[in-house]
Amino acid sequence: MSTQAVPGTAPVGARAARRARWRGLANVHAIRGAAGILAFLALWQIGVLLHLPVVAKVPAPLEVARAAAGLLHDPRYYVDWAVSFRRVAIGFVIAQVLGVPLGLVMGWKTTFRYVTFPIFEVLRPIPPLAWVPLSIVFWPTTEQSIIFVIFLGAFFTTVINTMSGVRALDDRYVRAAISLGASPATIFRRIIFPGALPSIFTGMAVGMGITWSVLVAAEIIAGRSGLGFFTWEAYVGGAFPTIIVGMVSIGVAGYLASSSIRLVAKRVMPWTSRL
Amino acid sequence: MAAALSPAAAPKGAVSLRSVGKVYAAPGGDVVAVEDWTLEIGAGEFVAVVGPSGCGKTTLLNGIAGFDPITSGEIVLDGKRIASAAVPAKPGADRVVVFQNGALFPWKTVVDNVAYGPIVQRRSSRAEALREARTLLARVGLRDVADAYPSRLSSGVQRRVEMVRALINEPKILLLDEPFRALDATSKAVMHEELLKLYDASHTTVFFITHDLDEAIFLADRVVVSTTRPARVKAILRVDLPRPRDFRMTASSDFLALKAQVADVVHQEAEKAFRRGERELA
Amino acid sequence: MSAGEGRLELRDVCVAFPSENGDTRVVDGCSFTLEPGKLSVMLGPSGCGKTTLINLIAGYQAPTSGTIALDGRAVTGPGADRLVVFQETALFPWMRVIDNVTFGPLSRGTLDAAGARERAATLLRKVGLDGFADRYPNQLSGGMQRRAELARAIINEPHLMLMDEPFRGLDAMTRELMQEHYLRLFEEQPRTNLFVTSELGEAIFLADHLLVMTHKPTRVKRVIDVDLPRPREFRMLTSPRFREIYEDALISLHEEGAKAFAGM
Amino acid sequence: MLGAAGFVAFVAVWYVLVHFEVWRFAKLPAPGAILREWVSRKPEFGTSLFTRTYYDDIWASVTRVLAAFALATVLGVPLGILLGWNRIARDFLFPLLELIRPIPPLAWVPLAILMLSSQTAAIVFLTWIAAFFATVLNTMLGVASIDEAYIRAAYCLGSRRWDVLWNVIVPGALPYVFTGLQIGMGVAWFSLVAGEMIAGDAGLGYLILNAYDQLQVSTIVIGMATLGFVGFLSSAAVRWAGSRLMAWQPR
């Protein structure tokens, strides 16, 4: 991706020199990356100490570190992790179980798409969180209402991505399969579905990102537990450094969830990775 | 009037490649792309280099164009050293490249593309450059596409515009990197005639790399056959077919005689590359 | 495949679709017969409607008028008796090479799993891909993908092979080697082949019969019989007889080419 | 035509479920009731097409999204181009961005309120941060997606670095920039709603949550529908701007 000539194209050195430069290069970038992060933390720390306008009320990195250390062996902290993961998992899985088949059929059968797609196009622009109040009214327990909103967050993304994956599949694959004598069922199972898989996983990755955002807000608005509520409770209770611990925890949790999807994708779709 | 298209222009564009070499430092160990490549190209000469894909032809062209530094030997253009292991090469308007898949700026109209060079080199004002560009386009029969965007043109027409965009800068040498590879046979035949018309009119030196032996013989004064990777000069064929060249020549006995001289050598290299290619994939 | 099978007959086939100024005809009054077990090449400028004809014969598209019959039976839809190798590879990227090749027989149940794998293995060895059965298509070079596709078609013993400019994306040298592979497969077990191309040299090198097509709307302009001996070798490309046929076809092709270029 | 039929069927099913009080649908308002409330001159719960507050809320939400979106564009696009074009800047800044990016925009709510005294500023900050990351990332991808041949061709024709930046990098990255802006707009509305619900005193998000507190269920749906409509309009506006700016793209 570098659009600049590789720095340091010195005259012809010995073969070892070139290989050393190649290895040296790799960690020059890593060093700069670490430097960038340390500089940010340092500026943050200094900013707080100097009571600069916006940053003044923000807890300094050291305080945050201390708060984090304190929490690491507090069991309640891990309960909130478990609660949040459970909600995301249930909402996300239901969204895939319903969303993928629906997306596949919408992509494959044009008449079905003409009937159902407009409903999607009307409901989709409504931000998932706008559903929270209605969801609380509709579902008996708060837990179900939170999971429903999380489900919505991922559901639309999955359906749209799956559908476009099927429609983007070049029709020469289907034609080749028909010529080779495949029945419609075989075509759906061994051509349409695998062909749409890359788009399905894209939908999942994007959907997972959305579910975590929805979870946090839903837990703040309606929840009694979970990482979102934990962060909000820290604010209400005045334990400001813990707010940032909460934020970082949610960030880490979201990252773990997304990378697990990427791992599953690599295993399920070996043909997409290079040699 | 663009001097580039008037034959009276002073003869320039003599290039000498003196044992040019290029080694890539790659994670899997060094890759030798070009090794000890020596070739003298006369001013205004049309030279074609033929070799299997991945043999290092493009690396050589990039060295002359100044995109990638060479690691040994030197390249001299009209007596001035433009690249060597010590002298990092810099691209310049004296060596213009036409790329394999085309590089017309899709976001600029045809006339803006052609006028880009003179404008960015601050050689003439924007209005002058646009006027000069329109005249040049009209001269080669492209007046009515001047205000279109490249995406609306066929790949054949896009190549012709790219040629004009290069020649308006009066380059010393035109570097062509398999420019017609993506075209079908008919457009390729038509493009050959267009290129030769432009060449006969401007006599700019041309360095043309390709896989297609027929194309090389039909277009060039001399055909250099390259070995498969690392690229080395394996054979040089002088093509004394009269100019202006005509597509019927490709069926003439002289043409086939010339082709027979190097066909075996080219086929051998292709076999080696084919087997190595598949061995690397195994 | 008994002799006499694989006779394809087209009679006054037309294809037109409505456009702003009345019907635009892509194929108009096209008639020809393919001699069984012979390699016929359809030659014409690109965009002249050759691919439409391939789609008609393969059954992906119905003609507006006229008849298409294989061994006397009218062509009504796609079938394993007429298999196509498309211009761009249609190997299923998500299946390994061996699964691609066995897809046909397994889908139609003409071979059981073991039989299909064994038959596929012999075919892959014949096209020089024996070490690559478990690879995915994107791990193969362009030339290798084409040969895997040939194997995927031949395993189904089609009566007619349709090749739609299959070597167009390859560089000139790989193309030459692919032509030789294709000829070995054909000459070893002759089967009716219709090969579409816009490259004159390729057309003559491969063909028994050369169908020179007109520009849009397309029909057969001339049929040239290529009497070069078989098996064909690339040295023949520089033989006097090759040059005569080349010169003869070049004029007709260029006339149609100029029309195609003018229409560009 | 079929699409309309599908939509009518959806509303009909909704009506039947509510009318016959199937399961918990009894708690939801019927489509007719909502429509009547929405168009009545004297709405029962004080919000309809004819009440001023309805438009005040819409205006509050729209101005906040536009402010945040403009800020995200003005800061995000140049930074994205810098990160895409300059290797050193990318080495220093990109890892930092990648560390902060996974934190969902709404996790910033407590900190935003803490940092910025006024509630509107906090909400705009929330909306900005969501759109900002989407814009930076996609602009960076846009620069990386530019074919090396265009950059080399520009240098060949005598350009200096600055010419290449303006004549190749910016126009070349434009398609991805607009993808980023569209995602940014979607995420901006997403964060705005939550921000207004949690910390707002005006705007559609606040309207919806307030309606919930007062058990005015039909107003909740009116608020949601309005949000959907306004969100759709703003994305359409971004798409329209994109198609105008990129007339060169093949249709």
Side-chain angles (χ1 to χ4, degrees), chain A residues 1-4 28-29 32-37 39-40 54-55 57-58 111 114-119 121-134 136-140 209-210 212-213 215-217 220-221 228 231-232 234-235 240 243-244 246-248 250-252 254-255 258, chain D residues 2-7 9-10 24-25 27-28 84-88 91-96 99-100 102-111 113-116 143-144 148 151 186 189-194 197-198 204-205 208-209 211-212 217 220-221 223-225 227-229 231-232 235:
Chain A
M1 206 167 80
S2 126
T3 51
Q4 272 186 315
V28 161
H29 305 307
R32 286 197 191 131
I37 293 164
F40 172 73
V54 170
V55 188
K57 297 203 207 59
V58 173
T111 38
Y114 285 145
V115 172
T116 51
F117 191 63
I119 303 171
E121 273 310 280
V122 167
L123 296 179
R124 194 158 61 95
I126 301 173
L129 284 156
W131 292 85
V132 166
L134 201 65
I136 299 171
V137 165
F138 179 77
W139 293 98
I210 294 175
W212 276 97
S213 296
L215 170 89
V216 169
I220 292 176
I221 296 168
T231 311
W232 183 251
Y235 164 68
F240 297 147
I243 296 175
I244 297 179
M247 285 170 68
V248 171
I250 298 165
V252 168
Y255 181 76
S258 305
Chain D
L2 272 177
F7 195 70
F10 172 75
R24 294 187 61 82
F25 279 94
K27 292 188 172 302
L28 296 184
W85 175 235
N86 182 314
R87 187 59 198 254
I88 299 167
D91 284 349
F92 277 108
L93 292 174
F94 188 62
L96 182 62
L99 214 59
I100 301 172
I103 300 175
L106 297 165
W108 287 88
V109 167
L111 200 62
I113 300 168
L114 206 59
M115 283 198 298
L116 304 160
V143 172
E148 183 74 28
I151 297 168
W189 276 104
F190 172 96
S191 315
L192 176 91
V193 170
M197 280 188 188
I198 298 166
L204 291 171
I208 294 173
L209 196 63
Y212 162 71
V217 187
I220 293 178
V221 178
M224 287 166 70
L227 254 173
F229 182 65
F232 173 76
S235 300

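What you see below is based on every heavy atom in this structure, not just the backbone, and it leaves out hydrogens, waters and symmetry mates. The sequence lines fix the lettering, A, B, ..., with proteins before strands; numbering per chain opens at 1.
Of all heavy-atom pairs between D/I198 and A/W232, the closest is CG2-CH2, 3.4 Å. Minimum heavy-atom separation, D/P102 to A/G251: CB-O, 3.6 Å. Of all the heavy atoms in A/L134 and D/V221, the pair that sits closest is CD1-CG2, 3.9 Å. Heavy-atom minimum distance, D/F190 versus A/P128: CD1-CD, 3.5 Å. When every heavy atom of A/Y235 is checked against every heavy atom of D/P110, the shortest pair comes out as CB-CB, 3.6 Å.
Of the listed residues (A/G209, A/S213, A/G36, A/P125), the one with the most heavy-atom contacts under 4.5 Å to chain D is A/S213. Taking D/V193, D/L192, D/L96, D/L111 one by one and counting their heavy-atom pairs under 4.5 Å with chain A, the maximum is reached by D/L96. Highest contact tally toward chain D, considering only A/V58, A/V137, A/T111, is held by A/V137 [criterion: heavy-atom pairs under 4.5 Å]. With respect to chain D, the highest number of heavy-atom pairs below 4.5 Å among A/Y114, A/F117, A/F240, A/F138 belongs to A/F138.
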Would you please test A/F40 and D/L99 for side chain to side chain contact (heavy atoms under 4.5 Å, CB included) and show each step?
CA-CA 11 Å; A/F40 172 73; D/L99 214 59; over 6 Å; no

Given side chain to side chain contact (heavy atoms under 4.5 Å, CB included), test A/V122 with D/F10 step by step and report yes or no.
CA-CA 11 Å; A/V122 167; D/F10 172 75; over 6 Å; no

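The part of A/I136 that comes within reach of chain D is its side chain, from C-beta onward, which places non-hydrogen atoms under 4.5 angstrom from that chain. The contact between D/F25 and chain A is made by backbone and side chain atoms together, counting heavy-atom distances below 4.5 Å. Only the side chain of A/V216 comes within less than 4.5 Å of a heavy atom in chain D; its backbone stays farther off. Proximity to chain D is absent for every atom of A/T116, based on heavy atoms less than 4.5 angstrom apart.
Tested against A/I243, the residues D/L114, D/V109, D/I113 include a single side chain to side chain contact (heavy atoms under 4.5 Å, CB included) partner, D/L114.
With rounding to the nearest 0.5 angstrom, the CG atom of D/L227 is 10.5 Å from the CG atom of A/L129. Separating the CZ atom in A/R32 from the CG atom in D/L93 is a distance of 11.5 Å, to the nearest 0.5 Å.
Residues satisfying the side-chain contact (heavy atoms from CB on, under 4.5 Å) criterion with D/I103, sequence neighbours excluded, are A/M247, D/A107, D/W108. Residues satisfying the side-chain contact (heavy atoms from CB on, under 4.5 Å) test with D/L209, not counting sequence neighbours, are A/P133, A/I221, D/M197, D/Y212.
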